[in-house]
J.: 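I'd like to ask some things about the structure below.
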Amino acid sequence: MANATVSMSKELYQIIETLEKPEVRDSLQRLLEKLPNVEQTIESAENVVDFGKAVLTDDKTIDRYEQFVSTYNVGSETITAIVQLMEKLPKLVQIIHQLENIIDFGTAILQDNQTIEYTMNNLKSYTDSYVEKGKTSMEFFKMVQQRAEEKPQHINVFSIIKWTKDPSVQKTLNYVQSALDILKEKN
Amino acid sequence: MKTSFKVVIVGGGTAGISVAARLLRQSHSLQGEIAIIDPAEKHYYQPLWTLVGGGAANKWDSEREMLSVIPEGAVWLKEAVSSFDPSQNQVMTLDGTTYTYNFLVVAGGIEINWGAIKGLKEALGTKSVCSNYSFKHVDYTWETIRNFKEGTALFTHPNSPVKCGGAPQKIMHLAEDHFNRVNVRDNINVIFGSANPAIFDVLKYREALEKVIERKNIGARFRRNLIEIKAEEKIAIFENLDTGTLEEIKYDMIHVTPYMCSPEFIRTSALADECGWVDVDKFTLQHKKYSNVFGIGDNANLPTSKTGAAIRKQAPVVAQNLIALMRQQPMKQTYDGYSSCPIVTGYNKLILAEFDYNKEPVESMPFNQAVERSSMYFMKKDLLPVMYWDGMLKGTM
């Protein structure tokens with residue numbers, strides 16, 4: 001009994017000694033000042049817990065939400081997918097960032113009249129020579145058509161023999177002859 | 001008038017505009033808080049000038065109003081910077097205004113010293129003395145080449161860093177190709193007088209270009225530095241950088257690449273190293289002494305070629321590191337010294353050199369870029385300008 005009293009006095013002494021420390025006294029004072037706030041926070045937490053408890057016991061509400069959720073295809077696969085998606089988010093952000101840059105670049109070009117004009121002029125310089133050739137050919141065919149319709153001629157075997165003397169026909173026939181010669185050599 | 005900004009960018013060239021656009025894309029809170037200080041009313045896409053001088057492009061396609069390239073949300077201060085006080089976070093302008101900043105990006109470009117070669121300034125644009133490095137006179141290059149029928153065509157590269165180190169030889173290749181096309185090449189002696197020790201720094205492309213020079217029968221003379229032009233007599237005086245002796249070359253047309261240096265307001269400031277360039281860490285691009293200052297582009301003391309392509313890789317590093325610093329996060333972005341030089345070797349041919357700090361090729365295409373290709377010429381002429389105006393300057397490329 002006497003030992004127990006001595007031990008208690010020692011503990012009490014230690015507590016008093018701790019309480020006498022200025023930093024502990026300051027902390028206690030601040031804690032006391034904050035007590036109203038602490039009380040409010042505890043009350044709010046209590047309300048949340050009470051609300052949770054109430055919801056858990058409200059079968060009607062639980063049934064309603066179960067029914068609502070069951071209309072969606074949400075299952076364990078969805079949860080796994082969410083986790084996987086979160087795992088891939090850093091890479092996805094990079095890809096989206098690049099895509100955003102490409103879209104913005106395309107938009108900038110479309111809104112830039114000077115760039116469009118520059119590109120069109122350059123394209124024109126590449127296509128001009130082909131367009132010119134096409135125009136010349138078209139002109140030639142038109143002239144031929146016009147001449148043929150204006151001056152219909154009777155073509156006989158002698159006319160064809162006469163054609164063969166024309167240098168342009170000779171040149172074409174020369175190609176045909178060369179092609180036949182090569183084919184003959186290969187066979 | 002607002003005189004205090006979160007970010008002040010000195011220079012509205014390729015680097016300044018690219019960084020501003022990137023910063024604004026990354027943080028909308030910087031709207032109205034980024035100032036770009038530049039007195040120029042026009043912004044130029046200078047890589048096109050090679051083709052203009054070769055008669056393959058229109059110089060007006062390289063010019064746009066400065067206002068049209070200032071990113072939305074940035075404030076353009078149409079003034080010239082006179083000095084810096086980085087210890088007080090201040091930038092002073094010629095008209096006496098002082099601007100303060102939280103972060104500073106120095107993108108002042110490079111200054112052309114037309115007076116460094118005796119006789120050049122007076123003769124430029126006349127008497128068959130031309131240079132693609134002047135927007136005003138770039139048309140005269142084509143006029144000179146077009147009318148040239150016989151004699152010696154001389155092309156030079158100075159003993160100083162230059163913007164786009166390949167440009168001095170690009171115009172030579174275009175001129176040589178033109179002389180061939182109009183059947184006067186046999187009457188013309190083409191000479192390349194360069195202060196460099198070789199035709200190109202990177203071995204892979206050097207070997208390819210040496211073959212081009214040999215095939216085209218171009219007289220390449222290295223370690224020769226042009227110091228004077230006697231325009232009346234058409235004599236160019238070179239200093240032999242190995243022996244110190246002077247050598248004269250009689251020419252009939254000359255294309256000069258002028259001396260270039262760091263802009264005066266930078267080289268005389270506390271931001272400069274002993275050579276006058278902005279003293280930055282070559283990986284993070286942050287100033288070595290002032291942590292809230294970054295240097296980018298031609299005015300930075302980076303040991304790589306000064307090109308627009310280099311800036312394309314530097315701009316995201318500066319923008320992201322600056323934002324990280326602003327958020328008190330560690331800077332993670334680094335620049336590896338990437339630079340690129342599309343070396344035009346004719347009207348439909350190009351070698352696309354890409355390399356890093358180690359002068360090692362860093363090629364983007366899935367084929368050997370040391371081969372002359374028409375596809376790469378098409379890219380330079382038709383695609384790169386579009387990428388520049390609508391990609392780089394908008395902060396997306």
Side-chain angles (χ1 to χ4, degrees), chain A residues 27 30 34 37 41 81-140 167-168 171 174-175, chain B residues 17-18 21-22 24-28 42-45 47-48 51-52 54-73 312 315-316 319-320 323 332-333 347-348 374-375 377-397:
Chain A
S27 298
R30 278 205 297 276
K34 285 186 177 172
N37 281 343
T41 312
I82 288 171
V83 175
Q84 281 177 347
L85 198 63
M86 281 166 70
E87 194 187 353
K88 290 181 197 300
L89 268 182
K91 210 171 191 179
L92 276 177
V93 167
Q94 266 186 350
I95 293 168
I96 289 168
H97 185 66
Q98 281 166 354
L99 199 67
E100 190 189 14
N101 281 347
I102 292 167
I103 292 167
D104 286 353
F105 175 54
T107 312
I109 292 175
L110 292 174
Q111 289 171 348
D112 187 342
N113 291 335
Q114 279 172 281
T115 292
I116 291 170
E117 199 185 324
Y118 178 76
T119 309
M120 292 308 286
N121 285 341
N122 285 352
L123 279 175
K124 198 168 167 288
S125 71
Y126 291 119
T127 55
D128 269 357
S129 60
Y130 297 105
V131 171
E132 202 51 49
K133 272 184 193 168
K135 271 185 187 167
T136 315
S137 307
M138 191 66 94
E139 223 165 85
F140 171 75
S168 54
K171 200 178 169 185
N174 201 15
Y175 274 105
Chain B
I17 300 291
S18 298
R22 281 179 178 274
L24 285 160
R25 282 178 72 79
Q26 280 180 61
S27 178
H28 294 171
K42 310 283 183 187
H43 181 106
Y44 296 98
Y45 176 61
L48 202 68
L51 298 180
V52 175
N58 182 342
K59 82 171 180 179
W60 300 108
D61 285 330
S62 73
E63 184 190 74
R64 290 202 183 180
E65 294 295 323
M66 179 66 90
L67 191 60
S68 73
V69 297
I70 299 286
E72 208 180 315
R312 192 167 74 82
Q320 289 185 44
I323 294 267
K332 288 183 180 165
Q333 296 300 313
Y347 280 100
N348 203 21
S374 51
S375 56
Y377 181 86
F378 168 77
M379 186 190 76
K380 175 178 169 67
K381 185 172 183 283
D382 302 311
L383 300 183
L384 290 185
V386 179
M387 282 171 68
Y388 179 77
W389 294 116
D390 300 307
M392 253 181 99
L393 296 191
K394 306 286 180 194
T396 58
M397 282 193 156

J.: How about K34(A): does its NZ atom have over 12 heavy atoms from other parts shown lying under 6.0 Å from it?
T.: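 12 or below, so no.
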J.: So for L48(B), is it side chain, backbone, both, or neither that comes closer than 4.5 Å to the heavy atoms of chain A?
T.: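 For L48(B), the contact with chain A is made by the side chain alone.
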J.: Nearest 0.5 Å, please: how far is CZ in F105(A) from NZ in K394(B)?
T.: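 Atom-to-atom, K394(B):NZ and F105(A):CZ are 11.0 Å apart.
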J.: With only heavy atoms counted, which part of Q111(A) is less than 4.5 Å from chain B, the side chain, the backbone, both or neither?
T.: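 Q111(A) has no heavy atom closer than 4.5 Å to chain B.
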J.: With T396(B), which of D104(A), I103(A), T107(A) fulfils side chain to side chain contact (heavy atoms under 4.5 Å, CB included)?
T.: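 Answer after filtering D104(A), I103(A), T107(A): D104(A).
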J.: Checking an interface table here. Which of residues 112-127 of chain A come within a heavy-atom distance under 4.5 Å of chain B?
T.: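 Result: D112(A), Q114(A), T115(A), Y118(A), T119(A), N122(A), Y126(A).
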